[in-house]
Amino acid sequence: MTGRLSIALRVNGQPRALEVEPRRLLADVLRRDLGLTGVHIGCEHGVCGACTVLLDGEVVRSCLMFAVQADGSEILTVEGLSVDGDLHPIQRAFVEEFGFQCGFCTPGMVLAAYRLLRETPQPSEQQIRRALAGNLCRCTGYTDILRSVQRAAALLAQQEANRAP
Ligand code: FES
Ligand code: FES
């Protein structure tokens with residue numbers, strides 16, 4: 001198509017082939033073209049973290065990237081965390097610890113926590129604070145968010161222990 005470029009992504013484990021205009025942001029393409037409305041768009045200039053996704057396993061702000069820059073990448077959005085409708089332990093922890101109020105910041109928080117806990121399964125309070133420092137919550141629920149990540153670490157450890165032979 002004129003003015004558009006072909007890109008291929010793997011999004012939440014599914015291959016996706018798209019034709020996008022080079023000017024379009026990754027956040028818009030994920031949200032509007034692929035219907036992944038867990039990609040929230042807040043500030044649109046890299047400050048709030050609402051649009052956080054994992055790109056090849058690393059936290060990125062999808063409002064700061066053009067979709068064409070993600071060509072060939074693996075993307076994880078919050079929708080990719082649950083399996084067969086069951087919430088991921090991190091999502092469960094946020095529910096159990098009241099880690100959200102309006103929920104606008106929550107997908108970004110959850111994905112930042114996912115990235116942290118993958119590498120640091122038992123993080124200190126300071127490590128959690130640092131990992132979430134780029135994600136803003138207007139509802140000022142930081143204490144409950146911190147507690148949610150601590151609970152998530154415990155739930156994941158329990159899950160691991162249950163899996164052990
Ligand atoms: Fe991307 Fe705020 S919408 S950082
Ligand atoms: Fe409302 Fe964080 S729960 S912005």
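In what follows, every heavy atom counts, from backbone to side chain, and hydrogens, waters and symmetry copies are set aside. Ligands are counted one by one from 1 in listed order, and the atoms in each one are counted from 1 as well. None of these values were measured; they are calculated from a predicted model.
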Backbone, side chain, both or neither: what part of L64 comes under 4.0 angstrom of ligand 1, heavy atoms only?
-> neither

Counting backbone and side chain alike, does C137 bring an N/O/S atom below 2.8 Å of atom 1 (Fe) of ligand 2?
-> no

For atom 4 (S) of ligand 1, find the nearest protein heavy atom and state the residue, atom name and distance (0.1 Å precision).
-> G49 N, 3.2 Å

Compare every heavy atom of G3 with every heavy atom of P22, then report the nearest pair and how far apart it is.
-> CD-O, 3.2 Å

Minimum heavy-atom distance E79-G38, with the two atoms named | OE2-N, 2.6 Å

Kindly compute the distance separating CG (L111) from SG (C51), expressed to the nearest 0.5 Å.
-> 10.5 Å

Quick one: look up the protein heavy atom nearest atom 3 (S) of ligand 2 and list residue, atom name and how far away it is.
-> Q101 N, 3.2 Å

Decide whether Q126 and S124 meet the rule of one side-chain donor and one side-chain acceptor closer than 3.5 Å.
-> no

With a cut-off of 4.0 Å, which atoms of ligand 2 are near a heavy atom of R138?
-> 4 (S)

May I ask you to test the F94-D144 pair for a side-chain heavy-atom distance under 4.5 Å?
-> no

May I ask whether G141 places a heavy atom under 4.0 Å from ligand 2?
-> no

If you count the atoms of ligand 2 from 1 in the order shown, which ones are under 4.0 Å from a heavy atom of G103?
-> 1 (Fe), 3 (S)

Are any N, O or S atoms from C102 nearer to atom 1 (Fe) of ligand 2 than 2.8 Å?
-> yes

Can you sort out which atoms of ligand 1 are near E44, meaning under 4.0 Å from one of its heavy atoms?
-> 2 (Fe), 3 (S)

Does atom CZ of R138 have more than 12 heavy-atom neighbours from other groups under 6.0 Å away?
-> no

Would you say the side chain of R115 lies within less than 4.5 Å of the side chain of T52, judging by non-hydrogen atoms?
-> no

Within less than 2.8 Å of atom 1 (Fe) of ligand 1, any N, O or S from C63?
-> yes

Metal site angle (apex atom 2 (Fe) of ligand 1), SG from C48 and SG from C43, 10 degrees = 110°

Could you tell me whether any N, O or S atom belonging to C51 is less than 2.8 Å from atom 1 (Fe) of ligand 1?
-> yes

With a cut-off of 4.0 Å, which atoms of ligand 1 are near a heavy atom of V47?
-> 4 (S)

Note: R16-D33 ion pair, threshold 4.0 Å (strictly below) = no

